[in-house]
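Lettering of chains follows the sequences in order, A, B, ..., and the numbering in each one begins at 1. Atom set for the values below is all heavy atoms of this structure, side chains included, hydrogens, waters and symmetry mates excluded.
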Protein chains: 2
Amino acid sequence: MLNMRSVDPADPDRTARATIRDAALALFAERGPDAATVRDIAAAAEVSPALVLHHYGSKDGLRAAVDEYAAGAFDAMLAQLEGGDLADVLSGGEPASLAEAFATEFRAGSPLVLYLRRLLLSGDPAGTVLVRRWHALTLGVVERLEEAGVARPSRDREARAALLLAGDLAVVLLAPHLGAVLGENPLTPGGMARWTAEATDVYLHGAFVAPPEGADPTTDPTTDPSTDRTGGDPT
Amino acid sequence: MLNMRSVDPADPDRTARATIRDAALALFAERGPDAATVRDIAAAAEVSPALVLHHYGSKDGLRAAVDEYAAGAFDAMLAQLEGGDLADVLSGGEPASLAEAFATEFRAGSPLVLYLRRLLLSGDPAGTVLVRRWHALTLGVVERLEEAGVARPSRDREARAALLLAGDLAVVLLAPHLGAVLGENPLTPGGMARWTAEATDVYLHGAFVAPPEGADPTTDPTTDPSTDRTGGDPT
DNA sequence: ACATAGACTGAACAAGCGTTTAGCATGCTG
DNA sequence: CAGCATGCTAAACGCTTGTTCAGTCTATGT
């Protein structure tokens with residue numbers, strides 16, 4: 001049998017180790033790490049199953065390597081978002097939301113998007129670490145925007161940052177379903193433009209109008225002590 | 001070996017078939033259908049593995065039965081939401097958002113919540129069906145609220161309904177992570193109150209203030225034809 | 001009392017899994 | 001040239017999986 005190393009003339013110095021990692025990333029993202037077998041990964045990378053174990057020790061070792069690689073990619077995206085100047089964010093010169101950053105960094109079917117999806121919903125502690133970091137980033141942005149007078153001050157800034165973050169992550173997590181409903185995937189350029197337009201409108205002017213001062217004439221809130229909501233979230 | 005049927009005096013007429021289904025629902029939701037083995041399910045239901053197959057034909061048959069059961073539970077919740085009168089929604093007499101409905105219907109660690117999570121992120125077409133139905137429901141509510149003058153009219157009502165729906169689903173999907181960040185799971189009563197307060201504030205008054213009429217003095221939007229955003233979504 | 005049906009089980013099966021082992025080819029180093 | 005590490009493979013190992021099978025127990029209808 002021939003030596004398979006450097007078999008692809010387009011990528012001459014790509015090692016078999018990297019090829020295996022990429023194949024694993026794609027298959028892990030698509031079917032989940034448990035459903036993707038070592039034999040499948042080996043076949044996708046055009047190597048023998050034994051070579052996968054030779055390079056990564058075990059399937060868990062490969063999993064860890066892929067996790068680390070994906071985390072690095074997310075960190076890179078994070079750094080780009082973090083490094084952006086506030087003025088650029090406000091004027092629209094840089095991706096302003098996490099969802100937008102995803103849409104520009106990774107195309108709609110990117111393995112990394114699928115990987116993030118799995119990471120956030122598998123209960124993997126790495127997912128919580130990621131959310132915590134992104135929340136801290138969002139919180140910092142909200143604080144700066146409040147100081148700049150661009151954001152309405154919130155009594156519960158942490159909850160507001162979480163709300164905004166959750167909204168962005170929802171786009172990434174639910175992109176295929178939202179695409180099926182709206183006709184175009186919000187992670188594509190066109191779909192993202194439509195989504196951002198609506199999100200901007202709501203975040204600037206709200207979605208509902210404040211009720212007139214005083215209680216709703218049809219019901220007296222004080223007669224129902226079990227609920228003390230201020231107006232609800234009528235979705 | 002004793003006949004294990006009706007072994008639980010608290011639930012005397014619960015059939016082994018139902019016990020198996022419930023055990024499967026819990027394990028499917030917790031670990032995923034692939035990771036939960038027939039032997040595990042049988043052990044949880046305190047029956048032999050063969051009985052699982054005897055009642056459901058195959059593991060796929062069991063999966064289908066559990067899917068159907070979960071879909072029925074979701075439909076029941078949907079019907080309750082749909083049947084609520086508009087006045088009740090506005091006055092806070094009924095759960096007003098999907099997230100609130102989830103928090104009241106299912107407690108934070110409920111198998112059905114975990115099941116929904118898996119359903120929406122596994123690429124299962126049943127997930128898209130569910131999203132489509134909930135979007136239609138949300139769209140109807142938005143339309144009625146606009147007619148009642150409670151919701152600000154939107155140029156793109158479908159996108160607005162999707163935005164509101166995504167926000168609610170995000171709470172359900174990301175609940176554990178948000179709980180880790182905020183200190184309390186938003187699907188618990190306390191966490192939900194905090195979340196709804198912030199969401200109500202944003203949905204009523206917005207999160208950001210509209211920029212003054214005219215362009216940002218630091219940059220002229222017309223000089224950059226590649227981006228035509230109205231103001232961005234600075235999260 | 002007897003027969004039939006259904007709930008239920010222990011043991012075994014084939015298939016697929018991650019992993020190990022022994023060995024081949026290649027290229028560098030002395 | 002010999003020695004050795006490295007990239008790589010075919011074949012097999014033990015284990016777990018979903019599934020099947022033959023048979024036991026316990027009701028119920030006649």
Donor-acceptor contact below 3.5 Å, side chain [X] vs main chain [Y]:
{"X": "B:Y56", "Y": "B:A64", "answer": "no"}
{"X": "B:R31", "Y": "B:A36", "answer": "no"}
{"X": "A:H135", "Y": "A:E158", "answer": "yes"}

Let me know the distance between [atom1] of [X] and [atom2] of [N], rounded to the nearest Å.
{"X": "A:I41", "N": "C:dG16", "atom1": "CD1", "atom2": "C1'", "result": "15 Å"}
{"X": "B:L53", "N": "C:dA12", "atom1": "CG", "atom2": "P", "result": "18 Å"}
{"X": "A:L51", "N": "D:dT6", "atom1": "CG", "atom2": "C1'", "result": "11 Å"}

* So, B:D40 versus B:T37: side-chain donor-acceptor pair below 3.5 Å or not? -> yes
* Structure fact -> With sequence neighbours left out, the residues meeting side-chain hydrogen bond (donor to acceptor under 3.5 Å, both in side chains) with A:R133 are A:D75
* Structure fact -> Residues at least two apart in sequence or cross-chain that pass side-chain hydrogen bond (donor to acceptor under 3.5 Å, both in side chains) with A:R117, listed by chain then number, are none
* Identify, residue by residue, the members of residues 54-64 of chain A with a heavy atom below 4.0 Å from DNA chain C, and return them in order of residue number, or none. => A:S58, A:K59
* To do: Please list, by residue number, the residues of residues 30-40 of chain B whose heavy atoms come closer than 4.0 Å to an atom of DNA chain C; answer none if no residue qualifies.
  => B:R39
* salt bridge (charged side-chain N to carboxylate O under 4.0 Å, His left out) partners for A:D22, two or more places apart -> A:R14
* To do: Can you run down the salt bridge (Lys or Arg N to Asp or Glu O under 4.0 Å) pairs that involve residues 189-198 of chain A, sequence neighbours left out, and say none if there aren't any?
  => A:E184-A:R194, A:R194-B:D156, A:E198-B:R160
